[in-house]
Amino acid sequence: MSAVVTVDPATGRRLAEYPTFSDADVDAALDAAAAAQAGWAALPFADRAAVLRRAAALLREDVDELALLVTREMGKPLAESRAEVEKCATACDYYAEHAAAVLADEPVDAAADRSWIGYEPVGVVLAVMPWNFPLWQVLRFAAPALLAGNAALLKHSPNTTGCALAVQRLFAAAGAPAGLFTALVVAEPDVPAVTTRLIGDPRIGAVTITGSERAGRAVGAAAGDAIKKSVLELGGSDPFVVLADADLPRVAHLAARGRFLNAGQSCISPKRLVVDAAVAAEFTRLLVAEVEALTVGDPTAPGTDVGPMARADLLEGVHRQVEASVAAGARLLTGGRRLEGPGTFYAPTVLADVRPGMPAHDEEVFGPVAAVLAVDGDEEAVRVANDTRFGLGASVWTADPERGIGVARRIRSGAAFVNAIVASDVRMPFGGTRASGYGRELAAAGIREFVNVRTWWVLDEPAATAPASE
């Protein structure tokens with residue numbers, strides 16, 4: 001039997017080994033999920049919400065253990081891991097409080113004696129989730145999917161298998177029925193076939209993925225072929241637009257903090273810093289100073305700002321993008337190298353004079369690299385911000401919020417932030433457009449992705465005549 005091995009990216013040391021599922025194991029998990037879902041969906045909202053509230057309490061009780069697991073498996077600083085656990089608890093509490101109202105029957109004043117819109121579970125939701133926020137990515141789909149009355153199967157990234165199994169234990173300890181939430185441990189070469197087979201099973205009602213464009217295309221194609229609902233949250237190359245009137249010291253500080261959070265391994269971190277040419281030189285000077293002041297090192301140590309990248313292959317890919325951008329004419333202002341010693345540490349990097357045709361401009365750089373692009377005024381800022389196939393988030397920085405809103409309205413994205421770093425919030429829908437995917441997570445929109453919207457039309461006496469056709 002094959003196994004998945006997890007490794008601490010800060011040290012390169014082996015953490016744990018997990019046996020992988022056979023086809024029979026996967027089938028058994030799906031059988032159990034389908035069986036559990038029927039009884040779970042029949043429970044009142046209050047009973048399902050109670051399980052989520054207990055999950056939130058357990059997350060807060062076990063924050064130290066869970067945060068250390070996240071840090072050990074994928075390398076983010078411990079303070080960031082603790083914040084991630086708390087965010088997961090907040091999501092459980094939010095849906096426990098609001099799901100019943102969001103999914104309540106909606107009466108409609110129609111020609112029927114009684115008519116309403118109902119929201120009903122789709123069955124089993126299959127989720128394919130990434131390693132960069134290994135608990136948050138899971139809970140932000142699982143909390144609404146379960147509250148809506150569904151069961152869930154999770155195919156997590158192999159390097160965060162411990163986190164996947166921790167979530168499974170969390171829901172079991174919170175009182176979820178056996179089989180309602182199962183983490184599938186799948187050998188990497190088997191993932192495409194297993195995922196496609198599951199999507200094709202009639203008991204799978206929807207599929208959600210957070211990941212790369214490539215993975216999203218594969219999952220979306222399989223879901224389309226099976227005529228299944230899908231939610232794709234894919235890559236991003238978010239513009240961080242700095243207008244000429246912005247508070248440069250403050251904005252440079254926030255740019256550095258936002259870009260290098262989680263070692264730059266976030267789909268919504270500000271990857272392209274689009275700066276008015278009138279202030280580009282000063283902003284860049286301030287940015288480099290902020291970046292060089294970041295503390296890179298042991299993610300479990302207090303005061304560490306930037307930990308290792310999650311895997312060696314990811315580091316090598318980012319380094320190739322940096323080298324290719326420099327070869328094409330970008331200026332390397334700081335960083336641009338792997339740090340010596342154990343672990344997968346990459347020096348926080350700033351590139352200037354970035355232009356179309358360079359990987360730092362055209363591709364998502366999923367690591368600690370900031371790309372500065374100078375532009376001539378607001379109109380060019382909008383054009384450059386839109387010069388990407390992605391459309392996840394965008395931020396605009398200015399002393400005049402109304403001006404910022406006007407600029408942001410012309411940028412294509414799933415989220416627009418003015419004078420704030422793009423972030424997810426359980427109270428607001430989250431998702432992208434164009435190559436960043438479709439569908440929404442979080443808030444009311446997120447839970448309604450995992451239901452069948454059903455029309456109800458009731459006559460208390462049979463109709464005297466047949467209705468008109470469509």
Side-chain angles (χ1 to χ4, degrees), residues 77 79-80 236-266 268-297 303-307 318 321-322 325-326 329-337 339 345-355 358 360-361 365-378 380-382 384-385 387 393-401 403-404 407-408 411 416-423:
E80 294 180 21
S237 186
D238 285 10
F240 181 101
V241 178
V242 182
L243 304 184
D245 63 350
D247 180 347
L248 297 184
R250 174 175 175 270
V251 174
H253 172 76
L254 292 172
R257 294 291 164 173
R259 181 64 188 108
F260 297 97
L261 181 80
N262 203 22
Q265 299 167 123
S266 170
I268 53 172
S269 66
K271 299 182 177 73
R272 294 178 300 134
L273 311 184
V274 181
V275 187
D276 193 291
V279 296
E282 177 63 6
F283 173 84
T284 303
R285 182 189 69 78
L286 292 167
L287 175 69
V288 170
E290 291 281 351
V291 171
E292 291 181 341
L294 294 171
T295 299
V296 182
T304 295
D305 298 309
V306 182
V318 164
Q321 290 174 306
V322 170
S325 297
V326 171
R331 285 190 296 128
L332 177 64
L333 302 183
T334 190
R337 68 189 189 283
L339 298 180
F345 291 91
Y346 195 77
T349 299
V350 179
L351 299 174
D353 299 340
V354 173
R355 299 185 302 276
M358 300 176 181
H361 179 281
V365 181
F366 209 69
V369 180
V372 180
L373 299 78
V375 295
D376 185 14
D378 295 7
E380 188 177 4
V382 170
V384 170
D387 188 15
S395 61
V396 179
W397 301 82
T398 172
D400 180 354
R403 179 186 179 192
V407 169
I411 298 173
F417 281 56
V418 176
N419 293 331
I421 297 287
V422 176

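For the single chain, residues carry numbers from 1 onward in sequence order.
The minimum heavy-atom distance between Val326 and Leu332, with the atom names listed, is CG2-CB, 4.1 Å. Of all heavy-atom pairs between Asp400 and Asp245, the closest is N-OD2, 3.7 Å. Closest approach of Ala256 to Leu287, counting heavy atoms only: N-CD1, 4.0 Å. The shortest non-hydrogen separation linking Val291 to Thr334 is CG1-CG2, 4.2 Å. Minimum interatomic distance between Leu286 and Ala252 (heavy atoms only, all atoms of both residues): CB-CB, 3.7 Å. Heavy-atom minimum distance, Val279 versus Ala244: CG1-O, 3.6 Å.
With hydrogens and angles disregarded, no donor-acceptor distance shorter than 3.5 Å links the side chain of Asp353 to the backbone of Arg331. Between the Gln265 side chain and the Asn262 main chain, a donor and an acceptor come within less than 3.5 Å of each other. A donor-acceptor pair under 3.5 Å is formed between the side chain of Arg259 and the backbone N or O of Gly264. In this structure, the side chain of Thr349 does not engage the main chain of Gly335 through any donor-acceptor pair within 3.5 Å.
A distance of 5.0 Å separates CG in Leu243 from OG1 in Thr398, rounded to the nearest 0.5 Å. The CD atom of Glu80 sits 10.0 Å away from the OG1 atom of Thr304 when rounded to the nearest 0.5 Å. Between atom OG of residue Ser325 and atom NE2 of residue His361 there is a gap of 10.5 Å, rounded to the nearest 0.5 Å.
The side-chain contact (heavy atoms from CB on, under 4.5 Å) check on Ser395 picks up Phe240, Trp397, Phe417, Val422, with sequence neighbours excluded. The side-chain contact (heavy atoms from CB on, under 4.5 Å) search around Pro239 returns Val241, Arg272, Val274, Ala385, Ala394, Ile411, not counting sequence neighbours. Applying the side-chain contact (heavy atoms from CB on, under 4.5 Å) test to Asp247 and every residue at least two apart in sequence or in another chain returns Pro249, Arg250. With sequence neighbours excluded, the residues satisfying side-chain contact (heavy atoms from CB on, under 4.5 Å) with Leu339 are Val296, Arg337, Phe345, Ala347.
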Would you tabulate the side-chain donor-acceptor contacts of residues 365-373 under 3.5 Å, counting partners in other chains and residues two or more places apart, or write 'none'?
none

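Taking 4.5 Å as the limit, some side-chain heavy atom of Arg403 sits within range of a side-chain heavy atom of Asp378. Annotation: side chain of Val251 is in contact with side chain of Phe283 (closest heavy-atom distance under 4.5 Å).
Within the structure, the salt bridge (Lys or Arg N to Asp or Glu O under 4.0 Å) test picks out the following pairs touching residues 274-295 (sequence neighbours left out): Glu282-Arg285.
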